[in-house]
Amino acid sequence: MNRLQRSAQRTKLARARCQTSSPSIRLVGSGGYVCAQQTTRCRSTPGTVAAMIIAGRSPARHGRPKVLLCTSNGVGLGHVTRMMALGDALRPDADPTMFTLSAALPIPVDTGFTVEHLASAQHFGASAHQWNDLLADRLDHLFDAYRPHVVVFDGVHPYAGLREAVRQHRRRIVSVWVRRGMWKPEVSVDASALAKLGKPFDHIVEPGDYAESYDDGITTRDRHRVDRVPPIVYSRRLPRPPRDEACAELGLCSDHTNVLVQLGAGQINDIRSSVGAVTAALGRHEGVTAAVARTVLSAGSAGLGAGVVEIQRFPISHWSNAFDAAVVAAGYNSFHEMMSLGVPTVIVPNLDTKTDDQNARSRWAHDQGFGLRWDGRSATDLESVTEALVDPAHRTRLQQRMAELPIADGAQRLADLVHRWSA
Amino acid sequence: MSDRQPPRDAPRGHGAYVFVRDALPVQASAWLTDLATAIRHVRLRARQTRRRSVRRLARFERRLRARARRWLRRRRRVWRWLARYPPIRRWTERHAPSLTNDRDRTPKNGRSARLARLLIQPVLTLPGDGPTIALDARGLGSDDVVRFLDETDLAARTIVIVDDPNITAVRNTTVCYEYAPTTAEVSAEDRVAWIARAYGVDRLEVVPKPVASALNECT
């Protein structure tokens, strides 16, 4: 028997010892933790196992995994929505809790999530260093209180406080960074900085983007070390109401051509003028009703004209049967919702975003024939795209093209990955 | 032969250096060599000294930063340990009640209180001067909270504790706030204790419930 064989035999014996002694380990471990690091270091004596558990050597979970879903502040609802989609997919077999910096707090609370919140640094008037200390301390407190097995962070930039908290609990908690692609090429983050940001995390996941062939950002150079899933879209786990019912609930006429207008949260650029222009252009067509969607993050009422309906529902995709077409911002959430549901859409890129390359996304849709594009400025372009949008034949062509897109079931795929990592 | 230099047009020895060479004594060649070597050595020493000092400065700075980081980590560890360990927490509650949510006791300024304050420092100090006051507005709707904040003359360092998820209105008042819902995992006391420690709260005040809300509760 050579050295390798002897080592293998020792490992096998140690594993057997661990398995036979699992009841005593369960008694020792608090919080439902059991010994899972089945290596040659495992010993069946309770004292040694207790020492291992106290030392935090990767104890495996016992029962339903607890997942803490963290989101950054963001300017829209993209991060929160993606985490809600993941939370919904996890719910049957896990206990998700949300921790968000976003003001869109009522949305996950209304859907039954336990939500924790911390205001962002600007709100405290504190330095970034102080706020990161606060964030690290808060997360430390939450990790102790909720004892999550997996922490999933959705955001472009993992904060220093988050990275420190994750680093400190690395032995006990699996950490995942959900990093959306489609970064603008001019974003001043190089490959080494990106690698440094992702270093504390055990896994990096990139939610898919239908327009990824137009992605020219820095994240494309880091794809070899990420797990990729299809696009993540949030939808209720209830059947969508039929058109008549949806129209009645939203105050729309089911005989009209109803066009959803959703141009973002209005935190980056002034969307009021854009909304006004779109609703005015749609109002010039006979039998067309514009329905302007507002979220909790939206600025005050856009001063809508007569005949324009204002709706405040979430997720708007649940009532998609009420709409024949849409004019939406090219953010990840709205774009993928409309594309996956097959709603003929005019995509309006917001060119003032910091990292999200909405222009590329809208160009892809326009070039590939999946949607129409309006740059948000030219009045003549707006006239032509609204004319195309209210044309039933054109809408049918767009719908046929969108039917070719793959299913956006990224949330379920990510949930499966989280289950695998938490085991 | 083809790779050799072409012959000069004029014979060697017609430049000014020829006169200098001829004017110098025979042993000058060795002197010049020594002089050049000496100059080179001086320059080398100067360069080495400069680089060494730069290296030392960088090392010094690196060590200072590492020490600061280590100190900060230790301090945080002490805070966390103090917050978790019940006897110490009880001791601080007794000797420095202003650091905790126990508002029935009178704050003490004795030696033990000062020591407790030294041990438990706020993670984030709110901007402004004066004591840090936590306003407990849990159980109130965001409209009531905003109304109270508008009507009240707040201290510079004030943090409002709310449990209504509609925080947009409270955010718009630009007052610092903490969303503190009661969950199965985190009790209300635990949450307030964390807020008191994190922000170094000196005094906890409860926002009175408006008459309408109180009546609704009664009925």
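All chains are named by letter (A, B, ...) in the order of the sequence lines, taking the proteins before the strands, and each is independently numbered beginning at 1. Computed from a predicted structure; not experimentally measured.
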Could you grab the distance from atom OG1 of Thr174(B) to atom CZ of Phe124(A), nearest 0.5 Å is fine?
12.5 Å
Is the ring pair His123(A)/Tyr177(B) parallel, tilted or perpendicular, if the boundaries are 30 and 60 degrees?
perpendicular
Please work out which of the three classes, parallel, tilted or perpendicular, describes the rings of Tyr179(B) and His117(A), given edges at 30° and 60°.
perpendicular
Select one option (side chain, backbone, both, neither) describing which atoms of Ala145(A) are under 4.5 Å from chain B's heavy atoms.
both
Sort Thr125(B) into side chain, backbone, both or neither according to what part of it lies under 4.5 angstrom from a heavy atom of chain A.
both
Is Thr183(B) in contact with chain A via its backbone, its side chain, both, or neither, using a 4.5 Å heavy-atom distance?
side chain
Within a strict 4.5 Å, meaning less than it, do heavy atoms of the Arg138(A) and Glu178(B) side chains meet?
yes
Below 4.0 angstrom, N of the basic side chain to O of the carboxylate: do Lys66(A) and Glu185(B) qualify?
no
Smallest heavy-atom separation, Leu101(A) atom then Arg171(B) atom, equals O-NH1, 4.1 Å
Any idea which heavy atoms bring Pro181(B) and Val115(A) closest together, and the distance?
CG-O, 3.7 Å
Does a side-chain N-to-carboxylate-O contact under 4.0 Å join Glu116(A) and Arg191(B)?
yes
When Leu72(B), Val186(B), Leu124(B) are compared by non-hydrogen pairs under 4.5 Å with chain A, the top option:
Leu124(B)
Give a yes or no on whether Asp150(B) atom CG has more than 12 heavy-atom contacts from other residues, nucleotides or ligands under 6.0 Å away.
yes
Looking only at heavy atoms, the pair that brings Pro127(B) and Gly125(A) closest together is CG-O, 4.1 Å
